Amino acid sequence: MAAMPTLLVVHHTPSPTMQAMLEAVLAGARDDAIEGVDVVVRPALAATAVDVLAADGYVLGTPANIGYMSGALKHFFDCVYYPILDATVGRPYALYVHGNNDTMGAVRAVESIATGLRWRRLREPVTVIGTPDAKDREDCWELGASTAAGLMP
């Protein structure tokens, strides 16, 4: 019997806005229509190479801080990059980012690292400037649901 595919959600959630986005992503990933996918959630400062190696796909969440991804998500990548480099080639990932003014630098930074890891981006990142509205939360839900559904056996 094959192991259940795992979606790893790695996030840095320091604000109510990021919490709302994370909750929407998780609601989508854990929707009842998605069967046979285990959703594992780790804060960026607690996620390890073991977590990444055990997963079949990833959702990454970060605020845009001073034009870049959060220090916590950067620390995550710094810690796991070489231990996972060859073992995770081709795995799918998705990204959500919140910023007060801009998200482009954070998106570019995460995509650059994901390209180095040779991960496969599933869809355009969900980016939110300011307070997320109903459409933003729906986009986060869809990001979680589509990423998890893509791992279904």
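Only a predicted model underlies this, so the values are computations on that prediction, with no experimental measurement involved. For this chain, numbers begin at 1 and follow the sequence in order.
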(request) Taking all heavy atoms of F76 and all of A44, pick out the closest pair and write down the distance. (result) CB-O, 3.5 Å
(message) Is there a path of hydrophobic side-chain contacts, each under 4.5 Å between heavy atoms, that joins V110 and Y58?
(response) yes
(request) Find out whether L122 and R120 are in side-chain contact, i.e. whether some heavy atom of one side chain is under 4.5 Å from a heavy atom of the other. (result) yes
(request) Fit a plane to each ring of W119 and Y93, take the angle between them on a 0 to 90° scale, and name the class: parallel (under 30°), tilted (30 to 60°) or perpendicular (over 60°). (result) tilted
(message) Please give me the minimum heavy-atom distance between L7 and A29, naming the atom from each residue.
(response) CD2-CB, 3.9 Å
(message) If I take atom NE2 from residue H98 and atom OG1 from residue T13, how far apart are they, to the nearest 0.5 angstrom?
(response) 12.0 Å
(message) Quick check for you: to the nearest 0.5 Å, what is the distance between H11 atom NE2 and L45 atom CG?
(response) 10.0 Å
(message) What I'd like to find out is whether the side chain of L53 reaches to under 4.5 Å of the side chain of T88, using heavy atoms alone.
(response) yes
(message) Under the salt bridge (Lys or Arg N to Asp or Glu O under 4.0 Å) definition, can you give me all pairs with a residue in residues 93-105, not counting sequence neighbours?
(response) none
(request) Using the rule that two of Ile, Leu, Val, Met, Phe, Trp, Tyr join whenever any of their side-chain heavy atoms come within less than 4.5 Å, decide whether L60 and V40 are in one cluster. (result) yes
(request) Quick one: pull up CD1 in I84 and SG in C79 and give me the separation to the nearest 0.5 Å. (result) 11.0 Å
(message) Evaluate L95 against V59 for side chain to side chain contact (heavy atoms under 4.5 Å, CB included), listing each step before the verdict.
(response) CA-CA 6 Å; L95 171 67; V59 172; over 6 Å; no
(request) May I have all residue pairs that pass side chain to side chain donor-acceptor pair (under 3.5 Å) and include part of residues 124-134, sequence neighbours excluded? (result) R121-E124
(message) Contact between L26 and V39 at the side-chain level, heavy atoms closer than 4.5 Å - yes or no?
(response) yes
(message) Counting C-beta onward and ignoring hydrogens, is there a side-chain heavy-atom pair between M18 and Y96 closer than 4.5 Å?
(response) yes
(request) Quick one: closest heavy-atom pair of V107 and P125, and the distance? (result) CG1-CG, 3.9 Å
(message) Within the structure provided, determine whether T48 and V52 are in side-chain contact (heavy-atom separation under 4.5 Å).
(response) no
(request) Would you mind listing the cluster partners of V50? Hydrophobic ones only (ILVMFWY), side-chain contacts under 4.5 Å, chaining allowed. (result) none
(message) As a quick check of understanding, evaluate side chain to side chain contact (heavy atoms under 4.5 Å, CB included) for N100 and I129, giving each step before the final call.
(response) CA-CA 5 Å; N100 289 326; I129 304 292; over 6 Å; no
(request) Indicate the atoms forming the closest heavy-atom contact of V97 with A106, along with that distance. (result) CG1-CB, 3.9 Å
(message) Listing request: all salt bridge (Lys or Arg N to Asp or Glu O under 4.0 Å) pairs with a residue in residues 21-47, at least two apart in sequence or in separate chains.
(response) R42-D51
Can you give the donor-acceptor pairs under 3.5 Å from side chains of residues 67-75 to other protein atoms, not counting sequence neighbours?
unit_1, atom_1, unit_2, atom_2, d
S70, OG, T62, OG1, 3.2
S70, OG, L73, N, 3.1
K74, NZ, D78, OD1, 2.6
K74, NZ, D78, OD2, 3.2

(request) Specify the closest pair of heavy atoms between R91 and A55, including all atoms of both residues, with the distance to one decimal. (result) NH1-O, 2.7 Å
Under 3.5 Å, side-chain donor or acceptor atoms of residues 140-153 against the rest of the protein: list the pairs with distances, not counting sequence neighbours.
unit_1, atom_1, unit_2, atom_2, d
S146, OG, R123, NH1, 3.4
S146, OG, E142, O, 2.8
S146, OG, L143, O, 3.4
T147, OG1, L143, O, 2.7

(request) For residues V128 and M21, report the shortest heavy-atom separation together with the two atoms involved. (result) CG2-CE, 3.6 Å
(message) Taking L8 as the starting point, is it possible to reach V89 by hopping between hydrophobic residues whose side chains are less than 4.5 Å apart?
(response) no
